[in-house]
Amino acid sequence: MAARPPRFVFFVVFCITIGGLLFGYDTGVISGALVVLKDEWNLSSTQQEFIVGGTTLGAIVGGLFSGFFADRWGRKTITFLSSLVFILGALIMAFSRSYSVLIGGRVVVGLAVGAASMVVPIYIGELAPKEFRGRLVTLNVLAITGGQLIAYLLAWALTDVHNGWRWMFGISAFPAAIQLCCLPWLPESPRVLIRRGKEGQAQTILQRIYGKNVSESIVEDELESMRQSMRTENATRYIDLLRATNLKPLIVACVLQLMQQFSGFNTAMYYSATILKMAGFGSTKSATQFSIAIAATNMIMTIVAITIIDRFGRRKLLLISFVGMIIGLILLGIAFIFIVGLVKITKDSCMEYVKCGACTLDDKCGWSPGSLVCTTKGDSAFGDLTDMCESITSQDKAGTWLALASLIFYVALYAVGLGNVPWLVQSEIFAQGIRSKAGSLATATNWVSNFIISVTFLTMTLHITASGTFWLYAGILLIGLVFVFLVVPETKGLKLEDVQKLFAGNQRPYRRQGAADSANKGVAVGEGEGSCSEEDVDVAKAIVGGMSSSAAAGNSESSSASTGYLANLHKTTMANKTDARRH
């Protein structure tokens with residue numbers, strides 16, 4: 001097998017991951033656009049929440065139905081339709097003249113975002129060579145975080161430009177147009193072609209994917225693995241998820257996805273400029289500028305997570321991530337005490353607000369930097385009213401920089417663990433027959449909880465204070481930390497069949513850590529049959545690593561081949577040990 005995929009594969013992956021780039025861009029661009037729209041359209045907190053939540057609402061629908069239609073119409077057709085919807089939504093938002101039209105554009109874009117979140121990793125996974133599938137699929141995660149970073153950079157550049165927010169939304173049409181231009185050269189998924197009875201075309205595409213030097217027998221083995229996999233998938237029903245062996249991993253996957261959103265991370269991405277503006281950064285542009293650091297941190301630490309996850313393990317990274325995020329949120333809450341104070345933004349009179357941060361959170365109030373008082377907007381007695389807070393005291397400055405530092409720390413710890421591990425664990429813990437069905441339910445859980453968080457964040461900051469909101473998220477994460485410690489097993493280095501065995505009976509994950517680690521040293525989990533040689537262990541590790549990458553792509557073909565190899569390796573090793581004892 002070649003040391004690297006053919007150029008054709010890189011072209012295919014590049015074109016498909018434009019969908020991930022658009023996913024990241026359209027979810028990230030609202031952070032910078034919102035601080036401008038709030039002032040220009042005089043939006044209330046509830047209106048801002050629904051602008052943010054509009055995309056998430058559309059994504060729920062798009063994610064739920066795109067999987068069904070992708071099986072019926074094909075991955076390529078859904079990618080084509082999502083590109084058109086991305087362009088349509090971008091144009092609606094860019095030319096919107098009213099709040100309702102803008103909301104409609106956000107919902108339209110959300111449909112495409114949901115479709116991309118479901119189809120892009122599947123499409124890549126089914127077109128990538130199995131030896132490189134894991135790494136190529138993770139490029140979609142990088143494309144998403146890269147899209148968010150680009151959105152923040154453009155928002156910073158266009159903040160002071162007239163109608164800059166329209167350009168922020170409209171620019172997303174250009175990558176979608178590029179993807180449309182690429183589509184005529186993209187092949188359909190071999191799985192879809194086999195389902196349609198076009199096995200000749202599927203074989204031709206697989207030959208191009210694996211390269212000219214690969215024998216026809218390898219391609220034929222791949223085709224047969226696909227046929228067997230699809231027969232297994234077609235034999236299962238949703239009711240099978242209620243069986244105990246399936247229900248336990250389903251609960252783990254859904255709770256991890258729930259925690260990913262209830263950690264409040266997407267409020268940091270959607271509202272980062274708003275949060276930093278509340279934190280005392282002196283202008284919309286400076287708040288947007290520092291939010292770039294948050295997006296860059298997310299992207300860099302995602303790369304770090306990809307490089308260390310197979311070495312450190314899923315469970316360990318999750319536990320580290322939860323603890324770090326809890327610390328970050330506690331510090332963020334403390335910072336906002338310095339900036340805003342522990343006050344509810346529900347005062348009858350603006351004069352009751354002592355701090356600028358609290359004053360500017362109330363839509364009806366404005367801050368007079370000359371008089372250092374809060375008063376009703378339009379009060380003729382004050383000609384210098386603003387909704388921006390300059391950090392003027394040492395306490396304010398300390399709170400401002402503590403808020404930025406704790407927010408970056410929080411995002412970094414999220415990206416290392418909770419941002420990636422739920423998706424990987426979700427691909428590993430389900431039996432092949434229920435993987436797509438269970439995965440769709442877990443993904444839907446993610447989007448629904450995303451919507452709940454995005455439409456409640458600003459309202460909660462008004463009623464339970466900003467500090468109270470961040471501490472509430474920290475409390476939820478504490479519950480998640482206990483759940484992970486007691487329930488979520490370590491899957492690093494285990495065969496897929498052994499992963500499913502972890503959910504049989506009443507095994508305790510925190511007591512199985514050593515057993516999971518021993519699998520990497522050649523010891524069979526739960527069996528006392530000895531160990532392999534160091535050379536065998538190295539080979540086994542390489543195969544298991546490939547299994548993990550393939551599982552992350554939802555692929556059963558390569559994992560089946562790897563499992564067979566490991567089984568034969570184990571039998572050969574034990575036979576050699578027996579012969580050695582006889583002699």
Side-chain angles (χ1 to χ4, degrees), residues 13-14 17-32 117 120-121 124 134-157 175 259-261 263-273 275-276 279 281 286-314 316-329 331-332 335 401-425 477 548-549 552:
V13 172
F14 167 78
T17 52
I18 291 176
L21 180 81
L22 289 167
F23 173 5
Y25 183 89
D26 280 306
T27 54
V29 72
I30 193 60
S31 174
S117 69
V120 169
I124 296 175
R135 279 169 283 176
L136 292 175
V137 169
T138 56
L139 290 179
N140 184 53
V141 179
L142 290 180
I144 293 171
T145 57
Q148 291 172 336
L149 179 59
I150 292 171
Y152 280 64
L153 288 169
L154 287 175
W156 171 76
M259 286 296 160
Q260 187 184 79
Q261 296 304 322
S263 69
F265 171 76
N266 275 323
T267 64
M269 300 307 295
Y270 296 153
Y271 297 106
S272 61
I275 292 171
L276 292 174
F281 285 88
S286 66
T288 304
Q289 178 181 347
F290 281 105
S291 67
I292 294 172
I294 296 171
T297 299
N298 185 32
M299 183 175 181
I300 292 170
M301 296 308 292
T302 297
I303 297 174
V304 171
I306 291 171
T307 60
I308 68 174
I309 195 166
D310 283 323
R311 186 165 71 251
F312 280 79
R314 293 84 163 111
K316 187 180 294 183
L317 282 183
L318 270 180
L319 293 172
I320 293 172
S321 179
F322 271 86
V323 172
M325 292 175 71
I326 291 171
I327 294 172
L329 286 169
L331 292 175
L332 189 59
W401 290 107
L402 178 60
L404 178 61
S406 58
L407 197 55
I408 290 176
F409 178 77
Y410 162 80
V411 169
L413 269 294
Y414 169 88
V416 164
L418 193 55
N420 290 279
V421 174
W423 299 105
L424 178 55
V425 170
L477 282 176
S548 298
S549 297

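Quick note: numbers below take in every heavy atom, side chains included, and nothing from hydrogens, waters or symmetry partners. Sequence positions, counted from 1, serve as the residue numbers for this chain.
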Undergrad: Of all heavy-atom pairs between Ala155 and Gly32, which one has the smallest distance, and what is that distance?
TA: CB-CA, 3.8 Å
Undergrad: Rounded to the nearest 0.5 Å, what's the gap from CG on Leu407 to CD1 on Ile294? Could you check?
TA: 4.0 Å
Undergrad: Enter the distance from Ile308:CD1 to Met301:CE here, rounded to the nearest 0.5 Å.
TA: 7.0 Å
Undergrad: Any side-chain heavy atom of Leu477 within less than 4.5 Å of one from Leu329?
TA: yes
Undergrad: Just verifying a value: how many Å separate Ile408 CD1 and Leu413 CG, rounded to the nearest 0.5 Å?
TA: 12.5 Å
Undergrad: Working to the nearest 0.5 angstrom, can you tell me the gap between Leu154 CG and Ile292 CD1?
TA: 9.0 Å
Undergrad: Phe265 vs Tyr414 aromatic rings, parallel, tilted or perpendicular, using cut-offs 30° and 60°?
TA: parallel
Undergrad: What's the shortest heavy-atom distance between Gln148 and Gly24, and which atoms?
TA: CG-O, 3.1 Å
Undergrad: Check whether any side-chain heavy atom of Ile144 sits under 4.5 Å from a side-chain heavy atom of Leu21, and report yes or no.
TA: no
Undergrad: Do Ser321 and Val421 come close enough that some side-chain heavy atom pair is under 4.5 Å?
TA: no
Undergrad: If I compare all heavy atoms of Leu332 with all of Ala403, which pair ends up nearest, and what's the gap?
TA: CD1-O, 3.5 Å
Undergrad: At their closest point, which heavy atom of Gly264 faces which heavy atom of Tyr410, and how far apart are they?
TA: C-OH, 3.0 Å
Undergrad: Between Thr145 and Asn298, is there a donor-acceptor pair closer than 3.5 Å when you use the side chain of the first and the backbone of the second?
TA: no
Undergrad: CD1/Ile300 to CG/Leu142 distance, rounded to the nearest 0.5 angstrom?
TA: 11.5 Å
Undergrad: Between Leu139 and Ile124, is there a side-chain heavy-atom distance shorter than 4.5 Å?
TA: no
Undergrad: Verify the neighbour count for atom CZ of Phe409: are there more than 12 heavy atoms of other residues, nucleotides or ligands below 6.0 Å?
TA: yes
Undergrad: Can a donor-acceptor pair be found, under 3.5 Å and without considering hydrogens, that links the side chain of Thr307 to the backbone of Val304?
TA: yes
Undergrad: Kindly give the heavy-atom pair with the smallest separation between Gly28 and Ala151, and that separation in Å.
TA: C-CB, 3.8 Å
Undergrad: Kindly indicate whether the side chain of Leu319, heavy atoms from C-beta on, has any atom under 4.5 Å from the side chain of Phe322.
TA: no
Undergrad: Where is the tightest heavy-atom contact between Gln260 and Gly419, given as atom of each residue plus distance?
TA: NE2-O, 3.4 Å
Undergrad: Could you measure the distance from the CZ atom of Arg314 to the CG atom of Asn420? Nearest 0.5 Å is fine.
TA: 11.0 Å
